[in-house]
Engineer: 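Here it is: the structure, laid out below.
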Amino acid sequence: MTQVNKQNANQMQTKEAAGVRRFAKTDYRHWLERVDMPGRCLTFGVHLSYRGRRMRFSLETANKDAAAKKAARLYLSLVAKGWDETLKQFRPEKAPKPPSPTTVGLLLTAVQNLAEVRVSTLRAYSQAIRTIASDVAAIRSKHARGKSKGRADSLNTEEWRRAVDALSLDLLSPATVADWRRRYIERAGDAPDARRRAENSASALIRNARSLFSKRTLRTLLETMPEIVLPDPLPFSGMEVSQKVQSYKSRVDPTALVNAGLAELAGNPAKLEQFKILMLGLLCGLRKAEVDTLQWRQVDVVGGTISIETTEHFQPKSHESEATVALDEGLAEMMKEWKKKATGPFVIESQQKPNYHKRKNAYYRANVHFRRLAVWLKAHGVDGRKPIHQLRKECGSIIATSSGILAAKSVLRHSTIDITAKFYADHKKRVTTGLGSLLVPPTSALES
């Protein structure tokens with residue numbers, strides 16, 4: 001017999017001599033001598049040890065037998081279920097707290113803190129996921145379009161944003177988003193054109209919202225913010241969204257538009273800024289934000305170029321958007337005169353100060369001029385939903401016709417030629433086989 005076994009045998013003999021019997025830990029009698037009531041306590045308690053962890057439990061009774069029986073149940077629970085489940089049942093205040101579900105607002109704040117997405121891009125992503133989540137949860141805004149507008153249960157903008165940001169991301173499962181998309185399209189009615197626009201809008205909203213869950217963003221989030229708990233499956237996971245492309249069809253006479261601008265806008269000091277916007281959009285293909293933030297230091301009136309670059313007020317849409325845009329000679333001469341009379345650093349004069357990085361919504365310091373020009377354009381046949389942006393499309397159409405699609409891509413600064421071909425460039429010249437002339441009868445035959 002080993003020395004250890006001898007010691008155990010001696011201890012057993014000593015206890016037996018003292019009249020103490022040994023019981024299994026699953027037997028309540030084992031715990032009769034182990035429950036205690038220290039100090040001024042009015043109820044029994046017990047210390048339990050299991051798998052390297054030790055904790056005291058209150059047994060909430062002054063009856064020793066009842067206390068021992070509860071101690072036995074506690075031990076059985078530890079063996080069968082482990083510490084976490086036992087604590088949930090007997091000491092919930094010590095049980096590990098389940099992670100709080102990540103809300104829409106927490107996700108947006110986390111992505112914003114990553115500083116990997118530019119402000120305007122994050123604004124589009126944020127608006128997309130809030131729009132979808134609010135629709136799924138039936139949270140209505142007073143500024144919503146359609147039947148929700150003006151309802152008594154509608155919220156103002158701030159109330160709406162707070163309510164939506166408090167929603168759990170668990171709400172946005174692939175199934176609920178698919179159901180939302182179906183209802184969104186159905187609201188457009190049966191008219192083919194309206195239905196196509198609704199399908200494209202729904203697809204765009206899903207693509208923007210899904211971008212918040214890109215692999216790069218998720219990897220950074222999980223590395224830097226372990227408290228972020230994302231649903232499984234991820235919102236928008238496995239969703240295929242297609243866009244029914246409607247290529248740009250030019251219905252504008254650019255020559256007539258320029259002549260009308262010269263006659264009605266250029267010579268009127270109150271409308272000069274509208275004319276500048278018209279020229280920068282139609283002749284240079286600049287985007288609205290590029291026009292709004294363009295500064296004179298970006299314009300080389302001698303060399304006849306405009307540099308689209310990152311400034312304190314503007315970040316280009318993509319790497320391809322940073323480029324030099326050539327000015328027509330006539331526009332370069334005009335800009336020389338505009339620069340001489342400039343009262344500030346911006347090409348488009350406005351009383352509004354730049355405030356791009358502090359605003360939650362899209363902001364244009366020259367918005368009053370944009371609105372007035374949009375009205376003017378519609379009166380002159382530019383009838384698209386976004387007449388200012390249509391100037392850029394018309395610019396691409398003109399260049400594609402005169403110099404080819406590659407030249408149009410270069411001027412419009414697209415990342416791929418597919419974007420230029422699908423959405424912007426329309427050949428204004430009629431392209432035919434020429435064989436139709438054979439179908440026209442000779443003049444002599446017509447006279448007879």
Side-chain angles (χ1 to χ4, degrees), residues 1-107 110 137 166-176 213 218-219 221-235 237-238:
M1 183 180 293
T2 64
Q3 184 66 27
V4 173
N5 289 337
K6 287 181 180 179
Q7 291 176 354
N8 290 338
N10 291 335
Q11 289 175 0
M12 290 177 64
Q13 291 174 359
T14 302
K15 289 182 178 180
E16 288 175 357
V20 178
R21 294 184 60 187
R22 286 173 55 84
F23 298 98
K25 291 182 179 181
T26 55
D27 191 323
Y28 85 95
R29 289 171 293 182
H30 171 85
W31 302 99
L32 283 172
E33 301 304 321
R34 289 168 176 79
V35 297
D36 57 7
M37 192 186 293
R40 298 182 179 180
C41 290
L42 301 179
T43 58
F44 284 98
V46 67
H47 282 92
L48 292 179
S49 297
Y50 182 71
R51 298 205 172 203
R53 185 174 180 180
R54 180 178 172 86
M55 183 176 290
R56 181 173 177 81
F57 289 82
S58 172
L59 301 172
E60 301 175 335
T61 179
N63 184 297
K64 193 172 186 179
D65 278 357
K69 290 176 181 178
K70 187 171 183 179
R73 291 198 303 273
L74 276 164
Y75 177 76
L76 283 169
S77 178
L78 280 175
V79 174
K81 303 176 183 178
W83 276 103
D84 289 350
E85 291 300 319
T86 299
L87 289 174
K88 285 181 183 179
Q89 182 178 355
F90 295 97
R91 288 198 65 179
E93 77 282 359
K94 292 292 185 179
K97 299 294 187 294
S100 300
T102 300
T103 62
V104 172
L106 180 59
L107 174 71
L167 293 173
S168 170
L169 286 177
D170 293 334
L171 181 73
L172 299 178
S173 68
T176 58
F213 302 91
L218 291 181
R219 183 172 61 251
L221 271 179
L222 297 177
E223 289 175 354
T224 59
M225 300 186 69
E227 68 273 19
I228 295 290
V229 179
L230 297 175
D232 186 17
L234 289 171
S237 176

Engineer: Would you say that V46 contacts D36 through its side chain, given a criterion of any heavy-atom pair below 4.5 Å between the two side chains?
Structural biologist: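 V46 vs D36: side chains apart.
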Engineer: What verdict does the side-chain contact (heavy atoms from CB on, under 4.5 Å) test give for L230 and L218, after you've listed the backbone C-alpha separation in whole Å, the side-chain angles of each residue and the deciding distance to 0.1 Å?
Structural biologist: CA-CA 9 Å; L230 297 175; L218 291 181; 3.2 Å; yes
Engineer: Could you check if a side-chain atom of L169 sits within less than 4.5 angstrom of a side-chain atom of T103, using non-hydrogen atoms only?
Structural biologist: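 No, too far: nothing below the 4.5 Å cut-off.
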Engineer: Any sub-3.5 Å donor-acceptor pair from W31's side-chain atoms to K69's backbone N or O?
Structural biologist: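 It does not hold such a pair.
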Engineer: Rounded to the nearest 0.5 Å, what's the gap from CG on L48 to NZ on K25? Could you check?
Structural biologist: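 Atom-to-atom, L48:CG and K25:NZ are 9.0 Å apart.
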Engineer: How close do L78 and Y50 get, heavy atom to heavy atom, and via which atoms?
Structural biologist: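 Looks like O-CE2, 3.4 Å.
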Engineer: Taking the side chain as everything from C-beta on, heavy atoms only, tell me whether M37 gets closer than 4.5 Å to K64.
Structural biologist: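 Of all side-chain heavy-atom pairs linking K64 with M37, none is under 4.5 Å.
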Engineer: Quick check: closest heavy atoms across P233 and P174, and the distance to 0.1 Å?
Structural biologist: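 Closest heavy-atom pair between P233 and P174: CG-CD, 4.0 Å.
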Engineer: Where do Y28 and D65 come nearest, in terms of heavy atoms and distance?
Structural biologist: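 Reported closest heavy-atom pair: CD1-O, 4.2 Å.
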Engineer: What heavy-atom pair brings A71 and V35 nearest, and what distance separates the two atoms?
Structural biologist: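 The pair with the smallest heavy-atom distance is CB-CG1, 4.3 Å.
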Engineer: Before giving the answer on side-chain contact (heavy atoms from CB on, under 4.5 Å), spell out for H47 and R34 the whole-Å C-alpha distance, their side-chain angles and the decisive distance to 0.1 Å.
Structural biologist: CA-CA 8 Å; H47 282 92; R34 289 168 176 79; over 6 Å; no
Engineer: Measuring from atom CG of L172 to atom OG of S237, what distance do you get when rounded to the nearest 0.5 angstrom?
Structural biologist: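 Answer rounded to 0.5 Å: 12.5 Å.
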Engineer: Would you name the heavy atoms of R53 and W83 that are closest together and state the gap between them?
Structural biologist: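 So the two residues come closest at O-CZ2, 3.2 Å.
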Engineer: Quick one: are Q89 and S77 in side-chain contact, heavy atoms under 4.5 Å?
Structural biologist: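 Q89 reaches S77 side chain to side chain.
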Engineer: Is the shortest heavy-atom distance from the side chain of T43 to the side chain of L59 under 4.5 Å?
Structural biologist: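 A side-chain contact under 4.5 Å is absent here.
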Engineer: State, yes or no, whether a side-chain contact exists between P38 and R56 at a heavy-atom distance under 4.5 Å.
Structural biologist: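 Answer yes - side chains close enough.
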Engineer: Can you name the nearest heavy-atom pair linking N63 to F44, along with the distance?
Structural biologist: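 For N63 versus F44, the nearest heavy atoms are C-CE1, 3.9 Å.
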Engineer: I'd like to check F23 versus L32 (side-chain heavy atoms, cut-off strictly below 4.5 Å). Are they in contact?
Structural biologist: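 No, every pair of side-chain atoms sits at 4.5 Å or beyond.
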Engineer: Do P231 and S173 touch side chain to side chain, with heavy atoms closer than 4.5 Å?
Structural biologist: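 When only atoms from C-beta onward are counted, S173 and P231 do not touch, as no gap falls below 4.5 Å.
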Engineer: Check whether more than 12 heavy atoms from other residues, nucleotides or ligands sit under 6.0 Å from atom CZ of R54, and answer yes or no.
Structural biologist: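 Correct, the count exceeds 12.
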